[in-house]
Protein chains: 2
Amino acid sequence: MNKVLNIEKLKVSCKQCSLKELCFPHGMDGDDITKLDNVVDAHSVKKNDYLYREGDVCRALYAVRSGCVKTTVQNAAGDSQIVGFHLPGELVGFDGFATDVHACSAQTLETASVCELPLDNLENLCANIPGLQKQMRRIMGIEVNNDHELLLLLGKMNADEKLATFLLNVSLRMKQRNWKEDEFNLSMSRQDIANYLGLAVETVSRLFAQFQDNGIIKVDKRHVEIINMAALREIISDCQGGTQQRNG
Amino acid sequence: MNKVLNIEKLKVSCKQCSLKELCFPHGMDGDDITKLDNVVDAHSVKKNDYLYREGDVCRALYAVRSGCVKTTVQNAAGDSQIVGFHLPGELVGFDGFATDVHACSAQTLETASVCELPLDNLENLCANIPGLQKQMRRIMGIEVNNDHELLLLLGKMNADEKLATFLLNVSLRMKQRNWKEDEFNLSMSRQDIANYLGLAVETVSRLFAQFQDNGIIKVDKRHVEIINMAALREIISDCQGGTQQRNG
DNA sequence: CGTCTGCTTGATTGACATCAAATGGTGTGG
DNA sequence: CCACACCATTTGATGTCAATCAAGCAGACG
């Protein structure tokens, strides 16, 4: 079905990219970004194509330029878990660093554009650009922390807290990109959201309806408008006598 | 209550450490390990003390030498999720790389000994030892992959699959340390196991009993003997018509 | 126009959490 | 050495949240 990408390369400039502060060049000066520009190529990737699959040799990191990419892990029994939705400016591919073979698959949710940073070039670059190693550690640290947040969500939250957390997280990332924080289009299906949050599709659907009935959001298919941000926050910090899970 | 550690330092030698191939020095040659030895100190840490807490400035990485360390994330509502149990040879502290402030707390489960690698020294070292950056990336990559495995567990497995996976994982790590893979003492309480697996203590307790009744394991408090390894594996790869969750 | 796919809504079930209480081991103080 | 309190663990009874089963609906596409 969906092939691994193999599209014409396109020269891009990190220096002029509006995402640079969210992305790899974060905090770097002009000269260093130029060195980075020399090794970065962009690709266009069709909807549902893979950047890489579990088992592929890890040759590069990928920065999302436009569109949205999901990363997925699989187990022996065949079921898979989405471990991340990656928006423009975010990096994908660290799952290949442990063994030089990818432990995840990365697939686009819509037609996307991604920048490729070949690893051997990156290694040279790290030697030439002071502070780039630290940058690398910082970005991987972010990945680790994101995963931990998701662990907390999957391990300790009930359904409505999960969806509220998800919506607030998307909202925050929209804001970081200078897009509207209270109105956006989700690039993922209900199925994908359900998988990511460890829920059934039906539950996600019902929760969207419920949130809308309570005047917290307005939903039309994938278009979401947050009416009452505070109410969303309240759902997840519901410390007092409400529904609570104890296993902590 | 439990204070952050502040114990006398103790000079150690990575070169002579039996854990070196599992730990940071993995694959390094003698000269490079000597450089490493110069910056590493060991501490003894009492049971239930913290290596660091969420919010602490990140100054060092820690390698477990003996004992067991758990790392925990917390949310606004106050509940916390254990994100890792760290055995001898494993590294702790990457959660501080994103912002230079720890996003996790790290606490010992029993009296432990840990090696401290101060970050500023580590940075210098990376400049002097070729391939050390890559080592760093490799180890962080392992951390990322471990987290992903746990995400899969929390998101897609039911209770018995979770415990079976946990036991097999511990068994594997025992084997890697040249200890018995089918007989060991767990350093964590039922409560900790339950928290880690996203279950209630009672459920964990019942599952231990059930596994024992089925002749898969023998349990006496924290002492576990695996009688039928294959049966454990079967539980988690139970593809056919049994109990199944669909949300994938 | 019919088929397909993604989404929604309703009814029912079940896995696991919660509540409650008993048990057993450990440490303390008399 | 015993009595007692305390904690972790186990075991049993009950409750509930979300999964599952089952239609129905709307937009996309050939």
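Because only heavy atoms are used, hydrogens play no part in the values below, and waters and symmetry mates are left out as well, while side chains stay in. Sequence lines set the chain letters: A, B, ... in the order given, protein chains first and strands last, and positions in each chain run from 1.
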Item to check | A:Val204 vs B:Val204, nearer the 5' end of DNA chain D by closest nucleotide | outcome: B:Val204
Checklist entry - Taking five pairs at each end of the helix from C:dC1-D:dG30 to C:dG30-D:dC1, what angle separates the two helix axes (nearest 10°)? => result 30°
Checklist entry - Looking at A:Thr71, A:Asp95, A:Asn146, which hits side chain to side chain contact (heavy atoms under 4.5 Å, CB included) with A:Val83? => result A:Thr71
Checklist entry - Any side-chain heavy atom of B:Phe211 sitting closer than 4.5 Å to one from B:Ile235? => result yes
Item to check | Protein-nucleotide distance (B:Met157, atom CE; D:dA19, atom C1'), rounded to Å | outcome: 18 Å
Checklist entry - In whole angstrom, what separates A:Lys162's NZ from D:dA18's P? => result 8 Å
Can you list, pair by pair, the side-chain donor-acceptor contacts under 3.5 Å of residues 214-230 of chain A, counting residues two or more places apart and other chains?
from	atom 1	to	atom 2	distance (Å)
A:Arg222	NH1	A:Ser187	O	3.2
A:His223	ND1	A:Asn185	OD1	3.3
A:His223	NE2	A:Glu183	OE2	3.1
A:Asn228	OD1	A:Ala230	N	3.3
A:Asn228	OD1	A:Ala231	N	3.0

Checklist entry - Atom CE of A:Met188 to atom C1' of C:dC7: distance rounded to whole Å? => result 16 Å
Next on the checklist: What is the distance, to the nearest angstrom, from the CD1 atom on B:Ile193 to the C1' atom on D:dT9?
Outcome noted: 11 Å
Next on the checklist: Among residues at least two apart in sequence or on other chains, which ones pass side chain to side chain donor-acceptor pair (under 3.5 Å) with A:Asp147?
Outcome noted: B:His148
Item to check | Heavy-atom pair of closest approach, residues A:Pro88 and A:Trp179 | outcome: CG-CH2, 4.0 Å
Checklist entry - From the list C:dT18, D:dT20, C:dC7, which nucleotide is the closest neighbour of the side chain of B:Ala200? => result C:dT18
Checklist entry - For every nucleotide of nucleotides 25-30 of chain D, 5' to 3': is a protein heavy atom under 4.0 Å from its base (B), only from its sugar-phosphate (S), or from neither (-)? => result ------
Checklist entry - Taking the six-membered ring for Trp, are A:Phe166 and A:Phe85 parallel (under 30°), tilted (30 to 60°) or perpendicular (over 60°)? => result perpendicular
Checklist entry - From B:Leu197 CG over to B:Gln81 CD, what is the distance, rounded to the nearest 0.5 angstrom? => result 9.0 Å
Checklist outcome for this item: To the nearest angstrom, the NZ-C1' distance between A:Lys47 and C:dG6 comes to 11 Å
Next on the checklist: Please check: side-chain N/O of A:Thr165 versus main-chain N/O of A:Glu161, any donor-acceptor pairing under 3.5 Å?
Outcome noted: yes
Checklist entry - Separation of B:Leu207 atom CG from C:dA15 atom P, in whole Å? => result 13 Å
Checklist entry - Going from NZ on B:Lys47 to CD on B:Glu110, what distance comes out if it is rounded to the nearest 0.5 angstrom? => result 8.0 Å
Checklist outcome for this item: Between A:Gly141 and B:Ala98 the two heavy atoms that sit nearest each other are C-CB, 3.7 Å
Protein N or O to nucleotides 9-13 of chain C N or O, pairs below 3.5 Å:
from	atom 1	to	atom 2	distance (Å)
C:dG10	N7	A:Arg206	NH1	2.8
C:dG10	O6	A:Arg206	NH2	3.3

Next on the checklist: Once ring pair (Phe, Tyr, Trp, His ring centres under 6.0 Å) is applied, do any residues pair with B:Phe94, and if so which ones, sequence neighbours excluded?
Outcome noted: B:Phe97
Item to check | Atom-pair distance (CD on A:Gln212; C1' on C:dC7), nearest Å | outcome: 14 Å
Next on the checklist: Taking only side-chain N and O atoms of A:Arg222, does any of them lie within less than 4.0 angstrom of OP1 or OP2 on C:dG6?
Outcome noted: no
Item to check | Distance, rounded to the nearest Å, where A:Asp160 contributes CG and D:dA19 contributes P | outcome: 12 Å
